[in-house]
Undergrad: 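What follows is a single structure, and I will ask about it in a moment.
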Amino acid sequence: MLAMHDKLSVGINKSTGKPLSVVQAVLLLKQCVDKEMSYEGGCKVFTEMTGIEASNFERLRCIGDGDSFNLGDWKYDRGHMTNAKTGEVLELKQTSWRNTTTHTVPASNGSLAYINSYDDGNGTKVQFKYGDSENIAPTSANITVNGDSKTINYNSKFRIDPEVYNFLEK
């Protein structure tokens, strides 16, 4: 997950000088659109803030995965992102997080976005599984490289960094 978070960016954010991950970019654009209360206005603010072109925002059905827009070379369409130059495809999920016990991670309410699956277009695919209701970290990943598959199980007892999962506390 960390490697994908670092690798999959929409470009260098001119306001920070650091790469802006695709997941962070999706959340930031949606925040800009909501704040501006305008699709075009939100795209304009995002582009001015980051230096990365955002365009063609459409709310297809409802807030969330019903959206469609372009971020640099990436096209977001109802939770699926495709990179026009590299052929990479990923599926993003967005959800609310409710703290239900004293040991959930993170231990506060908020919202998060995460990569559910990834395909590099060249024979490598990753499918994450999220089976632990008390942790936002994946419990396992099925990795396929050129037809050979392997499942990796994660130890859910380790504390995870909520920033990796784009957690926004409410």
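This one's a predicted model, so the numbers in the text were calculated from it and none came from an experiment.
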Undergrad: So how far is it from Ile115 CD1 to Leu90 CG, rounded to the nearest 0.5 Å?
TA: 5.5 Å
Undergrad: Using 0.5 Å steps for rounding, measure from the OG1 atom of Thr50 to the CG atom of Leu71.
TA: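 Nearest 0.5 Å value for the OG1-CG distance: 8.0 Å.
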Undergrad: When you measure from the side chain of Asp120 to the backbone N and O of Thr124, does any donor-acceptor pair fall under 3.5 Å?
TA: yes
Undergrad: About how many Å separate CG of Leu29 and CZ of Phe69, when rounded to the nearest 0.5 Å?
TA: 5.0 Å
Undergrad: Is a side-chain N or O of Thr144 found less than 3.5 angstrom from the main chain of Gly147, in a donor-acceptor match?
TA: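 Side chain of Thr144 to backbone of Gly147, a donor-acceptor pair under 3.5 Å: no, none is there.
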Undergrad: Starting at CG of Asp119, measure out to NE2 of His80 and round the result to the nearest 0.5 Å.
TA: 12.5 Å
Undergrad: Output, in order, the C-alpha distance, side-chain angles, deciding distance and verdict of side chain to side chain contact (heavy atoms under 4.5 Å, CB included) for Leu20 and Ile52.
TA: CA-CA 9 Å; Leu20 182 62; Ile52 299 164; 4.1 Å; yes
Undergrad: Going from CG on Asn116 to CD on Glu91, what distance comes out if it is rounded to the nearest 0.5 angstrom?
TA: 4.5 Å
Undergrad: Let me see the working for Phe46 and Gln31 under side chain to side chain contact (heavy atoms under 4.5 Å, CB included), right down to the final yes or no.
TA: CA-CA 9 Å; Phe46 178 92; Gln31 287 175 344; over 6 Å; no
Undergrad: I'd like to check the ring-ring contact (aromatic ring centres under 6.0 Å, His included) partners of Tyr39; sequence neighbours left out, ordered by chain and number.
TA: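 Per chain and number, Tyr39 pairs via ring-ring contact (aromatic ring centres under 6.0 Å, His included) with Phe57.
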Undergrad: So does Lys44 have more than 12 non-hydrogen atoms from other groups sitting under 6.0 Å from NZ?
TA: no
Undergrad: Restricting to salt bridge (Lys or Arg N to Asp or Glu O under 4.0 Å), what partner residues turn up for Asp73, sequence neighbours left out?
TA: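 Checked Asp73 against salt bridge (Lys or Arg N to Asp or Glu O under 4.0 Å); matches are Lys85.
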Undergrad: Go through it in stages, so that I can follow the logic: the residues are Asp67 and Lys30, the test is salt bridge (Lys or Arg N to Asp or Glu O under 4.0 Å), and I'd like the CA-CA distance, side-chain angles, deciding distance and then a yes or no.
TA: CA-CA 9 Å; Asp67 296 337; Lys30 290 183 178 192; 3.3 Å; yes
